[in-house]
There are 2 protein chains.
Amino acid sequence: MAAREYGQYCGVTQALELVGERWALLIVRDLLVGPRRYGELAEGLPRIPSNILAARLKELQAAGILRRAPRSRVVVYELTPYGRELEPVVLALGAWGFKAMGDPRDEQVVTPDSMTMALRTAFRPAVAAELPATSYAARLGAAELLVRVDGARLDVSRGDGPVDLSFAAGPGIRRLISGELAPDRAISTGVVEVLHGRGDLLARFATTFHLAA
Amino acid sequence: MAAREYGQYCGVTQALELVGERWALLIVRDLLVGPRRYGELAEGLPRIPSNILAARLKELQAAGILRRAPRSRVVVYELTPYGRELEPVVLALGAWGFKAMGDPRDEQVVTPDSMTMALRTAFRPAVAAELPATSYAARLGAAELLVRVDGARLDVSRGDGPVDLSFAAGPGIRRLISGELAPDRAISTGVVEVLHGRGDLLARFATTFHLAA
DNA sequence: CCGTATCCGCTCAGATACTG
DNA sequence: CAGTATCTGAGCGGATACGG
């Protein structure tokens, strides 16, 4: 038996043998947002060594989690259906890890893909369904996201477009999502800066996206 | 920054920094069944080196996931409330990994705690609520479990007791849980051996515990 | 016996340089 | 741009030994 195997006949060990290696689930996290090129993955995971990225891509491909897909002259990596079924795992991990997050340290970055998945984690479709369709432009550190909520549907993209509320925030937005910081306080203390639109829509944002801390 | 950190301000990376190390989630998996002594954990994870087990217990304790609790002369390790919140993560991983499980290899063992969590993963409370309360004694490899289903409640323990159906099965029980193998076929082909009680209750068992493959 | 520490060999991760 | 090659060191696996 390979020394690195756990030696148990169990779904959890099987899963960990496929995606338990360092960086593997973070690659999956980013690919859950959409297909990505090698360089885009490297950009979204600034600290991953290139050889490790190459190795993980090979392993995840061999495990049937992702595939190399040719797209007009370039290759992108995209999840297979089985790989997409990891979304509940990533969301559960994200929700659990959220509670342990303190304030950000200087070296910590916020990437567009990680922020997108965080928004998906915090999204409350049942709540959103009761609210009018709303779109937001959120600038969070380096990540500039277009967030469209329409009923129970959520769409997060990197494009630009017309929005009801445009705001910029530091990573302190975490305390808005967790409910520790009221929307109006977030604005008055400068944690969130309203760039365009009605600031009171931030309350709707905070209701739509919520995670317990 | 510690070299081993991912350098991202994100719930998923935070979670992986706490429980992403090798063996960590398997320790959590077993503790989700109940408090365990050091030796019991080592027994449930036959291939873990003792130094790694000791190191993980320290790390998980420092992270607030488990605590050492004195119990009449001996120490047991038990999850904190925050540690118990990892249950959705472990269940999601188990359900996903289940689909990738083939037939067991010779070196792979089935432990009572991993089997208990697998049953929790496969349990369908909504289905069980419509069925009469039933208890099963399931011998699965080395694991001998008492499984009590009462309405939407599931209790799996290692004790013995009066049951409606007692059966023994090899790890081929996976195909029963996945629906690939019909209950009567499981019995007629010897995959499941009925030791005591009405064999037709195995169909109820297969309805109560189901995971897609 | 339970829990932990120490040793060593090895694999994998991390950093950098290099190539088609 | 998309990887591959190489080197170093950290963490893991396995055995053994030690203290309560």
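Scope of the values below: all heavy atoms of this structure, side chains included, with no hydrogens, waters or symmetry mates. Throughout, protein chains are lettered first and strands after them, A, B, ... in sequence-line order, and every chain is numbered starting at 1.
- Note on Tyr77(A): a side-chain N or O is less than 4.0 Å away from OP1 or OP2 of dG3(D).
- Using a cut-off of 4.0 Å between Lys/Arg side-chain N and Asp/Glu carboxylate O, Glu78(A) and Arg67(A) are scored as salt-bridged.
- When the side-chain nitrogen and oxygen atoms of Trp23(A) are compared with OP1 and OP2 of dG14(C), one or more of them lie within a distance under 4.0 Å.
- Atom pair Arg4(B):CZ and dC12(C):P shows a separation of 13 Å (rounding to whole Å applied).
- In this structure, Glu40(A) places its CD atom 12 Å from C1' of dA2(D), rounding to the nearest Å.
- The distance from atom CG of Leu57(B) to atom P of dC2(C) is 15 Å, rounded to the nearest whole Å.
- Spacing between atom CG of Leu53(B) and atom P of dT4(C) amounts to 8 Å, rounded to whole angstrom units.
- If you take CD of Glu17(A) and C1' of dC12(C), they are 16 Å apart, rounded to a whole angstrom.
- Here dG3(D) presents its C1' atom at 14 Å from CD1 of Ile27(A), a figure rounded to the nearest Å.
- The side chain of Arg47(B) sits closest to dG14(D) out of dA5(C), dG3(D), dG14(D).
- Regarding Arg22(B), its CZ atom lies at a distance of 11 Å from the C1' atom of dG11(D), rounded to whole Å.
- You'll find the side chain of Pro171(A) stays beyond 4.5 Å of the side chain of Gln108(A), heavy atoms only.
- The side-chain heavy atoms of Gln8(A) and Leu45(B), taken from C-beta on, include a pair separated by under 4.5 Å.
- Ion pair Asp164(A)/Arg204(A) not flagged as a salt bridge, since none of the NZ, NE, NH1 or NH2 atoms sits closer than 4.0 Å to an Asp/Glu carboxylate oxygen.
- Both cation-pi conditions hold for Arg22(A) and Tyr6(B): the charged atom is under 6.0 angstrom from the six-membered ring centre and inside a 45 degree cone around its axis.
- Within 3.5 Å, a donor on the side chain of Asn51(A) pairs with an acceptor on the base of dG14(C), or the reverse.
- The phosphate of dA5(C) has OP1 or OP2 within less than 4.0 Å of a side-chain N or O from Lys58(B).
- Rounded to a whole Å, the CD atom of Glu43(B) is 13 Å from the C1' atom of dC2(C).
- With hydrogens and angles left out, the side chain of Ser50(A) and the base of dA15(C) share no donor-acceptor pair within 3.5 Å.
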